[in-house]
A.B. asks: 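Starting off with a structure, shown below.
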Number of protein chains: 2
Amino acid sequence: MYTIGEVSKMVNLPIPTLRYYDNEGLLTNIERDSSGIRKFNDKTLESLRVIECLKKSGMQIKEIKEFMKWCSLGDQTIAKRKEMFIRQKEHIEQEIKELEMALAMIKFKCWYYDEALKDGTEKRVKKLDPNDMPEEIKQLFEHTHQPYRKESITKLI
Amino acid sequence: MYTIGEVSKMVNLPIPTLRYYDNEGLLTNIERDSSGIRKFNDKTLESLRVIECLKKSGMQIKEIKEFMKWCSLGDQTIAKRKEMFIRQKEHIEQEIKELEMALAMIKFKCWYYDEALKDGTEKRVKKLDPNDMPEEIKQLFEHTHQPYRKESITKLI
DNA sequence: TCTTGACTTAAAGTTAACTTTAACTTGTAA
DNA sequence: TTACAAGTTAAAGTTAACTTTAAGTCAAGA
């Protein structure tokens, strides 16, 4: 059994956030001692692990609350819960793809500004043809600078 | 040259969002025609691409605004801009790592609920020893269920 | 007995990034 | 000349997920 302060330190979440999660129904079956103090246990810690993961996967608090309710309803909600995790798996995979796209752009910009810094000016690198870039950088450029319209030429900023 | 409606369709952002970005100083040098209508160009499109990428990397609007100001100050801000991209690269790499951790947990849960669905109950899979899980699933489990305290046994929910 | 630290509550406040509203202008087509 | 579509503004509203505040309880140590 743990107090709210102990759990706060273990999972690295502020105490008011834990109370907020409890009030919102994300933590089921939190016991209280005779004077009303919350007694958390290892099941709470596992719940918090799952809550963090579902939040990362893009779920809102109220959706996580629903999931927790399903958990408490037992075996009759297994199919629902499985489908939910499949949806969140797809969601997070899409999010990772988008972040990797953004990362490619950022890596290109790191190279770009490194070149500009060596020159002391953006002049040369700004009008460089992709074919004159190192192969790896050219790949990053082409991956991230697909034109919005076929006729337009992608410009750097 | 494009109108706000054309840009909205091209980059798939609502018109008020483009106006908001303009008002916040994220889009520099937006020209207007004689009756005050914004005239966007290919440089705007490239700015919007960079804005999306910086937002994905965790930057706030006001920080992006600062970056755009640096861009307009020219070569004297190259070092600053490079350092900013290096910071954002680290930030996004960390974020991808965290999302991959969450994904591992979700993949484990997909397997878990698939087993439970086959059994019609969580009973068996809930108390399964990691050593009796398929190797791949055991890896996911151990990667995502490190105990908060060494003495505690990780429980599923 | 008094102070301290850790807990409790309900309710109000915060923040970022939009989003909506209401009122207006302008250029073209019927 | 009237209607419509697409643009304009300033200002108010929305939303989620906390976070802070104010007031109180309770057990242990000096």
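Proteins get letters first, then strands, A, B, ... in listed order; numbering begins at 1 in each. Heavy-atom basis, side chains included; hydrogens, waters and symmetry copies ignored. Since we're looking at a predicted model, the values are computed, not measured.
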A.B. asks: In whole Å, I'd like the distance from the CD1 atom of A:Ile30 to the C1' atom of C:dT9.
C.D. replies: 17 Å
A.B. asks: Looking at D:dT19, C:dT19, D:dG7, which one has an atom nearest to any side-chain atom of A:Pro14?
C.D. replies: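 It is D:dT19.
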A.B. asks: So, for A:Ser57 and A:Leu54, which heavy atoms are closest and what is the spacing to 0.1 Å?
C.D. replies: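 Smallest heavy-atom distance, with atoms named: OG-O, 2.9 Å.
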A.B. asks: When you check the phosphate oxygens OP1 and OP2 of D:dG7, does a side-chain N or O of B:Thr3 lie under 4.0 Å from one of them?
C.D. replies: yes
A.B. asks: Is any NZ, NE, NH1 or NH2 atom of the basic residue among B:Lys69 and B:Glu66 found under 4.0 Å from an Asp or Glu carboxylate oxygen of the other?
C.D. replies: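 Here B:Lys69 does not pair with B:Glu66 in a salt bridge, since their nearest N and O are not under 4.0 Å apart.
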A.B. asks: With distance as the sole criterion, is a donor-acceptor pair present between the side chains of A:Gln94 and A:Glu90 under 3.5 Å?
C.D. replies: no
A.B. asks: Which whole-number value in Å describes the distance from A:Asn23 CG to C:dC7 P?
C.D. replies: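 Taking CG of A:Asn23 and P of C:dC7, I get 16 Å after rounding.
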A.B. asks: Near DNA chain D, counting only heavy atoms under 4.0 Å, which residues of residues 55-63 of chain A show up?
C.D. replies: A:Lys55, A:Gln60, A:Ile61, A:Lys62
A.B. asks: Categorize A:Arg38 for me: base, sugar-phosphate, or nothing, with a 4.0 angstrom heavy-atom threshold over every strand shown.
C.D. replies: sugar-phosphate
A.B. asks: Could you state the atom-to-atom distance from CG of A:Leu26 to C1' of D:dC18 in whole Å?
C.D. replies: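 Spelled out: CG on A:Leu26 to C1' on D:dC18 is 13 Å.
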A.B. asks: As a test of reading the structure: which of C:dT19, D:dT8, D:dC18 is closest to the side chain of B:Ile37, going by heavy atoms?
C.D. replies: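 Nearest to the side chain of B:Ile37 among the choices is D:dT8.
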A.B. asks: Write down the distance between CG (B:Leu18) and P (D:dT9), rounded to a whole number of angstrom.
C.D. replies: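 Answer to the nearest Å: 13 Å.
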A.B. asks: Please give, in whole Å, the distance from D:dT15 P to B:Tyr20 OH?
C.D. replies: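 For the pair B:Tyr20 OH and D:dT15 P, the rounded distance is 17 Å.
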A.B. asks: Heavy-atom nearest nucleotide on DNA chain D for B:Arg32 versus A:Ser35: which residue maps closer to 5'?
C.D. replies: B:Arg32
A.B. asks: With respect to A:Arg124, which candidate in A:Asp119, A:Asp132, A:Asp129 satisfies the salt bridge (charged side-chain N to carboxylate O under 4.0 Å, His left out) definition?
C.D. replies: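 In the set A:Asp119, A:Asp132, A:Asp129, the residue that makes a salt bridge (charged side-chain N to carboxylate O under 4.0 Å, His left out) with A:Arg124 is A:Asp119.
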A.B. asks: Rounding to an integer number of Å, can you tell me how far B:Ile4 CD1 sits from C:dT25 P?
C.D. replies: 19 Å
A.B. asks: Verify the ring-centre separation between B:Phe141 and B:Phe108: is it less than 6.0 angstrom?
C.D. replies: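 Between B:Phe141 and B:Phe108, which both carry aromatic rings, the centre distance is below 6.0 Å.
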A.B. asks: Specify the separation, in whole Å, of atom CD of B:Glu52 and atom C1' of C:dA17.
C.D. replies: 15 Å
A.B. asks: Which nucleotide in the set C:dT8, D:dC18, C:dT19 lies at the smallest distance from any side-chain heavy atom of A:Tyr21?
C.D. replies: D:dC18
A.B. asks: If you check the B:Arg19 side chain, which of C:dC7, D:dA17, D:dG7 turns out closest?
C.D. replies: D:dG7
A.B. asks: Does atom CD of B:Glu98 have more than 12 heavy-atom neighbours, drawn from other residues, nucleotides or ligands, at distances under 6.0 Å?
C.D. replies: yes
A.B. asks: What is the distance, rounded to the nearest whole Å, between atom CG of A:Leu13 and atom P of D:dA17?
C.D. replies: 14 Å
A.B. asks: Would B:Glu115 and B:Lys118 count as a salt bridge (charged side-chain N to carboxylate O under 4.0 Å, His left out) here? Give the steps.
C.D. replies: CA-CA 5 Å; B:Glu115 292 297 300; B:Lys118 280 191 261 177; 3.0 Å; yes
